[in-house]
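Quick note on labels: first sequence line is chain A, next is B, and so on, each numbered from 1.
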Amino acid sequence: MIRLYDSARAQVTPLESRDKGRVSIYLCGPTVYDLPHLGHGRHALVWDVLRRWLIFSGLEVRFVSNITDIDDKIIARADAEHVGEEEITATYEAAWWAALDALGVARPDATPHATAYVESMVELIEELLERDVAYELDDGLYFDVGAVADYGLLAGQSLESLRSGARVEANPDKRSPLDFALWKNAKFGEPSWSSPFGSGRPGWHTECVVMSLGLLGDGFDIHGGGLDLKFPHHENERAQAVALGRHFAGHWVHHGWVMVGEEKMSKSLGNFTSLTDLLAQTDPRAYRLLVLRSHYRSPIEVSPSTIQDAERALARLDALARRFELAPLAGTTLERASSFEWRDEERALYDVVHAAMEDDLDTPAAVAVLFEALTRANTLADEGEGDRARSLAVAIGACFAGLGLRLVADASALDTETATLVARRDQARAQRDWANADRYRGELVALGWIVEDGPSGTVVRRG
RNA sequence: GGCGGCGUGGCCGAGUGGUUAGGCAGGGGCCUGCAAAGCCCCGUACUCCGGUUCGAAUCCGGACGCCGCCUCCA
């Protein structure tokens with residue numbers, strides 16, 4: 001079974017799934033009040049890769065990721081734009097899915113929305129009140145973190161040391177600055193729900209407890225998100241579950257950030273801090289490859305040069321797909337290794353890639369192995385071992401599919417003008433009329449084509 | 001103040017105490033009518049100072065630098 005770093009234990013630990021052969025994952029999704037940025041993109045990719053690989057290796061995965069559609073920021077944005085909250089959330093949720101679709105991120109099995117679970121949240125809060133771990137102040141209900149013995153487990157700090165570092169105190173009446181809002185009393189003009197403790201709306205940390213336990217059940221396997229969610233969000237979720245005596249996530253997985261080389265990201269250089277912008281100017285697969293080439297817990301740098309680096313590496317992969325005419329895989333479909341044929345050499349490749357992936361999702365190692373295999377496949381083909389070369393190439397494509405990276409052979413249809421130029425060039429070359437052959441190539445290049453002369457004549461493709 | 005992480009060749013980015021990471025860029029060569037694609041070869045890196053060791057980028061100690069979390073955040 002895969003070994004993953006567990007933030008609660010602060011070490012790489014084998015994933016012991018609750019049900020053999022099945023893995024349940026709850027991922028904290030976005031608050032939809034603005035366009036997704038590069039960090040969201042990495043986040044989505046990391047989890048898509050984990051999910052896909054688990055499925056590829058033969059496990060049944062249930063993957064749930066929520067949408068937070070009620071929150072201070074949504075309200076603030078709606079106010080600023082003088083529109084309703086629903087308009088804000090509808091707009092940005094659509095942008096979210098559009099970006100993820102473009103990235104080739106498969107949709108979750110379920111995408112619960114917080115506003116659909118308010119009733120359950122109210123019930124949970126009532127239980128917390130009954131157990132005396134929540135208390136009321138003038139502006140709402142708060143959770144008493146002092147009631148949870150090991151509060152600070154995820155943060156890796158004691159309650160005392162966390163308390164001493166607390167910097168902001170929204171409500172000075174709180175018993176501890178770390179206590180968090182379970183329920184915020186309604187304010188004029190804000191969305192609200194009625195409850196036994198008055199009209200209002202839930203605090204952020206409760207929704208994920210309700211939705212994860214509700215959809216995946218007690219003791220679900222993996223709970224994840226960005227490193228920034230580890231504390232206080234995940235800590236607070238866990239605190240509520242613990243206070244209720246519920247068995248929460250078995251494994252906590254957090255990924256690192258996207259670093260931006262500030263100056264290089266300046267507007268003058270085509271600033272693309274929004275994921276939507278990046279995807280408009282880059283092959284989304286390049287971003288996936290960039291993400292794959294660093295470890296999920298490390299920070300990654302996203303800059304025009306690292307993106308370009310990835311684009312060029314991707315071009316080599318596509319060249320492989322072209323050379324061996326690989327069928328495209330890994331779109332919205334979640335591939336399984338068992339549906340491919342693995343001869344000895346290919347099996348060995350898969351085993352090495354798999355071992356890397358099982359080792360805390362070591363995608364950089366997996367990618368390195370696959371690039372080495374790519375060179376081997378090309379070498380074999382150069383040496384006339386076409387058969388072995390092809391089956392190796394197919395295996396490489398399959399492994400990348402397991403990582404969600406689709407290799408594209410690009411069989412784009414040619415317009416009449418292009419087809420004519422290609423035919424004329426072939427004719428000129430057949431007659432060893434190099435001057436005209438070069439002229440037609442020049443014309444094709446001017447039309448934006450990359451021209452290659454293969455065994456069967458001139459081949460053009462888009463750059 | 002507390003907790004945690006990082007400092008690798010031109011760039012990105014892995015790393016087990018002794019053997020090539022990988023990619024991109026660059027140089028040389030093969031192939032090609034010329035290209036492109038592909039293949040081969042090359043740079044011999046690990047912040048600094050001590051220590052452990054036959055041997056450390058990899059372990060220990062220290063210094064310097066950088067970053068994150070402790071507040072909404074993927």
Side-chain angles (χ1 to χ4, degrees), chain A residues 7 10 27-31 33-34 36-47 65 68 71-73 76 152 154-158 160-170 177-178 180 204 224-233 235 254-259 261 275 289-290 292-295 297-303 305-320 322-323 356 362-372 374-383 429 432-435 437-438 441-442 445 450-454 458-461 463:
Chain A
S7 301
L27 174 63
C28 281
T31 300
Y33 70 98
D34 201 353
H37 55 71
L38 296 180
H40 292 110
R42 181 191 198 189
H43 158 85
L45 287 167
V46 163
W47 288 91
S65 184
T68 297
D71 173 86
D72 291 352
K73 285 177 179 165
L154 290 176
Q157 292 192 70
S158 67
E160 266 320 300
S161 90
L162 283 166
R163 190 196 305 260
S164 70
R167 286 173 286 177
V168 174
E169 208 161 334
L178 296 165
F180 57 91
W204 179 41
L227 214 39
D228 46 353
L229 292 187
K230 189 165 76 166
F231 190 91
H233 183 54
E235 189 80 53
H254 297 98
H255 63 264
W257 318 86
V258 167
M259 308 299 284
L275 181 59
L289 185 56
L290 179 60
L292 286 172
R293 291 203 308 183
S294 70
H295 188 83
R297 286 191 283 120
S298 301
I300 63 170
E301 187 162 332
V302 180
S303 69
S305 86
T306 62
I307 287 286
Q308 188 183 50
D309 186 313
E311 283 180 317
R312 288 176 175 162
L314 181 63
R316 276 186 76 197
L317 297 177
D318 284 346
L320 183 84
R322 227 179 302 124
R323 182 171 192 176
D362 192 354
T363 56
V367 170
V369 165
L370 290 168
F371 267 91
E372 284 172 350
L374 174 147
T375 299
R376 195 159 73 247
N378 277 318
T379 302
L380 283 169
D382 287 350
E383 291 171 348
R429 291 188 69 233
R432 306 183 72 78
D433 175 4
W434 310 128
D438 288 347
R441 173 166 56 199
V445 169
I450 289 174
V451 180
E452 292 180 13
D453 296 333
T458 294
V459 177
V460 297
R461 63 187 166 87

Specify the closest pair of heavy atoms between [X] and [Y], including all atoms of both residues, with the distance to one decimal.
| X | Y | result |
| --- | --- | --- |
| A:M259 | A:P299 | CG-CB, 3.6 Å |
| A:G225 | A:W47 | N-CZ2, 3.5 Å |
| A:K73 | A:Y33 | CD-CZ, 3.4 Å |
| A:T363 | A:S294 | OG1-O, 3.4 Å |

*Among the candidates B:rA74, B:rC70, B:rG2, find the nucleotide nearest to the side-chain atoms of A:S161.*
B:rG2
_A:D309, nearest nucleotide to its side chain (from B:rC24, B:rU71, B:rG22)_ = B:rC24
Looking across every strand, which nucleic acid part, if any, lies under 4.0 Å from [X] by heavy atom: base, sugar-phosphate, or nothing?
| X | value |
| --- | --- |
| A:W257 | base |
| A:E372 | sugar-phosphate |
| A:A155 | sugar-phosphate |
| A:S298 | sugar-phosphate |
| A:V258 | base |
| A:H295 | sugar-phosphate |
| A:R42 | nothing |
| A:G39 | base |

*Can you measure from CG (A:L374) to CG (A:L320) and round to the nearest 0.5 angstrom?*
4.5 Å
_As an exercise, state the distance from CZ of A:R441 to OG1 of A:T458, rounded to the nearest 0.5 Å._
8.5 Å
[N] pairs with which nucleotide, Watson-Crick or G-U wobble, both distances below 3.5 Å?
| N | result |
| --- | --- |
| B:rU19 | none |
| B:rA25 | none |
| B:rU53 | none |
| B:rU58 | none |
| B:rC31 | none |
| B:rA63 | B:rU47 |
| B:rC3 | B:rG68 |

Rounded to the nearest Å, what distance is computed from the [atom1] atom of residue [X] to the [atom2] atom of nucleotide [N]?
| X | N | atom1 | atom2 | result |
| --- | --- | --- | --- | --- |
| A:H233 | B:rC70 | NE2 | C1' | 17 Å |
| A:Q157 | B:rG5 | CD | C1' | 14 Å |
| A:M259 | B:rC67 | CE | P | 8 Å |
| A:F371 | B:rG13 | CZ | P | 16 Å |
| A:I307 | B:rG23 | CD1 | P | 19 Å |
| A:L292 | B:rG22 | CG | P | 18 Å |
| A:L162 | B:rG4 | CG | C1' | 12 Å |
| A:E301 | B:rG10 | CD | C1' | 14 Å |

On a whole-Å scale, what distance lies between the [atom1] atoms belonging to [N] and [M]?
| N | M | atom1 | value |
| --- | --- | --- | --- |
| B:rC49 | B:rG43 | C1' | 28 Å |
| B:rG7 | B:rU58 | C1' | 14 Å |
| B:rG68 | B:rU19 | P | 36 Å |
| B:rA14 | B:rC3 | C1' | 27 Å |
| B:rU52 | B:rG17 | C1' | 12 Å |
| B:rU32 | B:rU20 | C1' | 30 Å |
| B:rG10 | B:rU44 | C1' | 15 Å |
| B:rC6 | B:rU47 | C1' | 11 Å |

_Quick test of your reading of the model: are A:D309 and A:R293 salt-bridged, counting only N-O distances below 4.0 Å?_
yes
*Hey, what's the ring geometry for A:H255 with A:H43, parallel, tilted or perpendicular (30° and 60° as the breaks)?*
tilted
*So, does A:S65 use its side chain to make a donor-acceptor pair with the main chain of A:L27 at under 3.5 Å?*
yes
*Is the closest side-chain heavy-atom distance between A:T306 and A:I300 below 4.5 Å?*
no
*Could you write nucleotides 31-39 of chain B as a row of B, S and -, 5' to 3', where a protein heavy atom under 4.0 Å of any base atom gives B, of only sugar-phosphate atoms gives S, and otherwise -?*
--BBBBSSS
*Could you check A:L27 against A:R312 and say which one's nearest nucleotide on RNA chain B is further toward the 5' end?*
A:R312
